Student: 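If you scroll down you'll find the structure; I have some questions about it.
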There are 2 protein chains.
Amino acid sequence: MGDRRIPEATVARLPVYLQVLVEAAEAGTLTLSSDDLARASGLNSAKVRKDLSFLGTYGTRGVGYDVAELTTEISEVLGLSVDRAVIIIGVGNLGSALASYDGFDRRGFKVAALLDADPARIGTCVGGHEVRDAAELPAIVREQDVTFAVIAVPAGRAQEVADVAVAAGVSALLNFAPTHLTVPDHVTCRTVDLSTELQILSFYEQIADGPSAAAG
Amino acid sequence: MGDRRIPEATVARLPVYLQVLVEAAEAGTLTLSSDDLARASGLNSAKVRKDLSFLGTYGTRGVGYDVAELTTEISEVLGLSVDRAVIIIGVGNLGSALASYDGFDRRGFKVAALLDADPARIGTCVGGHEVRDAAELPAIVREQDVTFAVIAVPAGRAQEVADVAVAAGVSALLNFAPTHLTVPDHVTCRTVDLSTELQILSFYEQIADGPSAAAG
DNA sequence: CGTTGTGAAGGAGTTCACAGCA
DNA sequence: TGCTGTGAACTCCTTCACAACG
């Protein structure tokens with residue numbers, strides 16, 4: 001305790017705990033032990049306790065963690081107590097699916113605009129949002145104080161789109177294009193790529209099926 | 001060298017290298033140094049060399065790595081040289097987007113079927129594939145030798161759907177539902193959750209904006 | 001008595017730095 | 001000379017094990 005820096009690996013697990021806590025609250029559960037949290041998250045209890053210890057001391061020995069209290073604490077640490085405006089750039093298949101995704105709102109992320117460069121798409125309505133011209137990006141970012149951009153354009157366009165978004169003032173990018181994006185230090189970028197995930201799965205599936213699979 | 005076990009962290013980066021290699025090949029580049037690969041992947045050259053050393057020795061000192069050779073090698077290690085049949089379970093917004101995603105085919109993943117439990121969706125056509133009754137899952141898996149399942153159903157249904165898929169013989173799951181799935185040891189499962197990604201971004205964005213942001 | 005919080009040990013992944021080779 | 005391949009050092013993360021506490 002006393003240390004303010006939360007390890008990267010811990011940060012990546014906090015959303016999972018939050019998920020479990022929200023479900024527990026809906027089910028009327030008031031407290032959860034580190035072991036309960038671990039089972040629901042697919043982890044072990046020591047890891048859970050270590051992770052939560054970075055947030056401060058919030059458990060009660062012999063009892064566990066207060067669901068409501070821990071929910072608030074994790075939300076605050078993750079910066080979810082403030083609403084954030086998000087734009088989705090690229091309204092193809094994936095961008096459209098994201099625009100209709102209700103998980104944004106439920107976690108305090110407000111979709112400020114959908115943007116596309118294709119004139120055929122501009123003006124259409126997707127997931128309750130009107131598609132606007134990509135050229136309006138800087139104005140929208142400034143007017144609506146947008147901090148997050150979801151990039152759902154083809155790989156070849158991703159870097160230029162990211163550059164424009166960053167120049168306009170966006171400080172966090174969620175990139176669905178299968179390319180590494182170079183961004184300034186003050187900008188955070190995460191890339192999620194379906195192909196990559198499938199290929200990782202492929203490796204482990206292959207190993208499991210391999211010669212030493214059912215070896216005893 | 002000599003060790004057959006490839007570290008998890010390395011496996012997770014191989015698809016990124018593959019991506020860069022394919023792009024290089026399309027551009028007519030014949031060799032890439034570890035530094036070239038590193039820059040294009042957002043890593044450093046020592047890490048790239050270490051990673052590639054686990055595959056065997058494929059670079060030429062003073063020159064770099066042969067693009068074609070390394071592409072083949074990584075593809076083989078990842079098990080991409082064999083075509084694999086994939087089913088997509090759940091044809092909502094995300095499932096539909098995935099069904100229309102061309103990245104599956106390009107990497108040797110063949111969409112064998114789309115499945116949904118909603119009668120209103122069964123029989124419709126999405127992304128060139130007919131939506132079939134979820135009850136047909138076991139038959140489809142057996143007949144078409146399906147090894148991968150993409151789960152794009154609501155969180156509350158994900159575990160039961162996973163259980164059915166595993167029982168039918170699927171051995172790798174890509175889960176888009178925001179829940180941890182419990183699967184037998186011989187099954188590989190990866191969960192990709194948009195909310196989680198956004199929340200992780202939120203943490204770092206908040207830190208960057210915080211009191212000590214531009215401190216020197 | 002049950003569960004947390006945490007030092008200490010152990011293991012995994014990263015970076016360094018340079019010998020070895022084309 | 002330039003770039004790879006790799007032992008060794010280092011940093012980060014996980015697991016253990018148990019004292020502290022409600």
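Side chains included, hydrogens not; waters and symmetry mates left out as well; all remaining heavy atoms used. Since this is a predicted model, take the numbers as computed values, not measurements. In what follows, chains are A, B, ... by sequence order, proteins preceding strands, each numbered from 1.
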Student: Does OP1 or OP2 of dC3(D) have a side-chain N or O of Ser33(B) closer than 4.0 Å?
Tutor: no
Student: Would you say Glu8(B) has more than 12 foreign heavy atoms packed within less than 6.0 Å of its CD?
Tutor: no
Student: Rounded to the nearest angstrom, tell me the gap between atom CZ in Arg13(A) and atom P in dC12(D).
Tutor: 15 Å
Student: Between dT3(C) and Arg61(A), counting only base atoms on the nucleotide and side-chain atoms on the residue, is there a donor-acceptor pair under 3.5 Å?
Tutor: no
Student: Rounding to a whole Å, what distance do you find between Asp51(A):CG and dT3(C):P?
Tutor: 19 Å
Student: How long is the line joining CD of Glu8(A) and C1' of dA12(C), in whole Å?
Tutor: 15 Å
Student: Rounded off to whole Å, could you give me the CG-to-P distance for the Asp66(A) and dT3(C) pair?
Tutor: 16 Å
Student: So that I can tick it off, tell me whether Arg39(A) and Asp35(A) are bridged by a salt bridge, with the cut-off set at under 4.0 angstrom between side-chain N and carboxylate O.
Tutor: yes
Student: If you compare all heavy atoms of Tyr101(B) against all heavy atoms of Ser195(A), which two are closest, and at what distance to 0.1 Å?
Tutor: OH-OG, 3.4 Å
Student: Leu52(B) CG to dT4(D) P: how many Å, rounded?
Tutor: 9 Å
Student: Within the 4.0 Å heavy-atom criterion, would you say Asn44(B) contacts the bases, only the backbone, or no part of the nucleic acid?
Tutor: sugar-phosphate
Student: dC12(D) C1' sits how many Å from Arg5(A) CZ, rounded?
Tutor: 13 Å
Student: If you assign each of Gly62(A) and Lys47(A) to its closest nucleotide in DNA chain D, which residue comes earlier from the 5' end?
Tutor: Lys47(A)
Student: Compare side-chain N and O positions of Lys50(A) against OP1 and OP2 of dT15(D) and report whether any pair is under 4.0 Å apart.
Tutor: no
Student: How about Arg13(B) and Ser41(B): does a side-chain donor come under 3.5 Å of a side-chain acceptor?
Tutor: no
Student: Would you say a side-chain N or O of Thr60(A) is under 4.0 Å from OP1 or OP2 of dT4(C)?
Tutor: no
Student: Please check the phosphate of dG5(C) (OP1 and OP2 only) for any side-chain N or O of Tyr65(A) closer than 4.0 Å.
Tutor: yes
Student: Tell me the interatomic distance from Phe54(A), atom CZ, to dC13(D), atom P, rounded to whole angstroms.
Tutor: 8 Å
Student: Looking only at side-chain N and O atoms, does Arg49(B) come under 4.0 Å of OP1 or OP2 in dG7(D)?
Tutor: no
Student: Any chance the side chains of Glu205(A) and Thr188(B) put a donor and an acceptor closer than 3.5 Å?
Tutor: no
Student: Are OP1 or OP2 of dC3(D) and a side-chain N or O of Tyr58(B) less than 4.0 angstrom apart?
Tutor: no
Student: Atom CG of Leu32(B) and atom P of dC3(D): how far apart are they, to the nearest Å?
Tutor: 12 Å
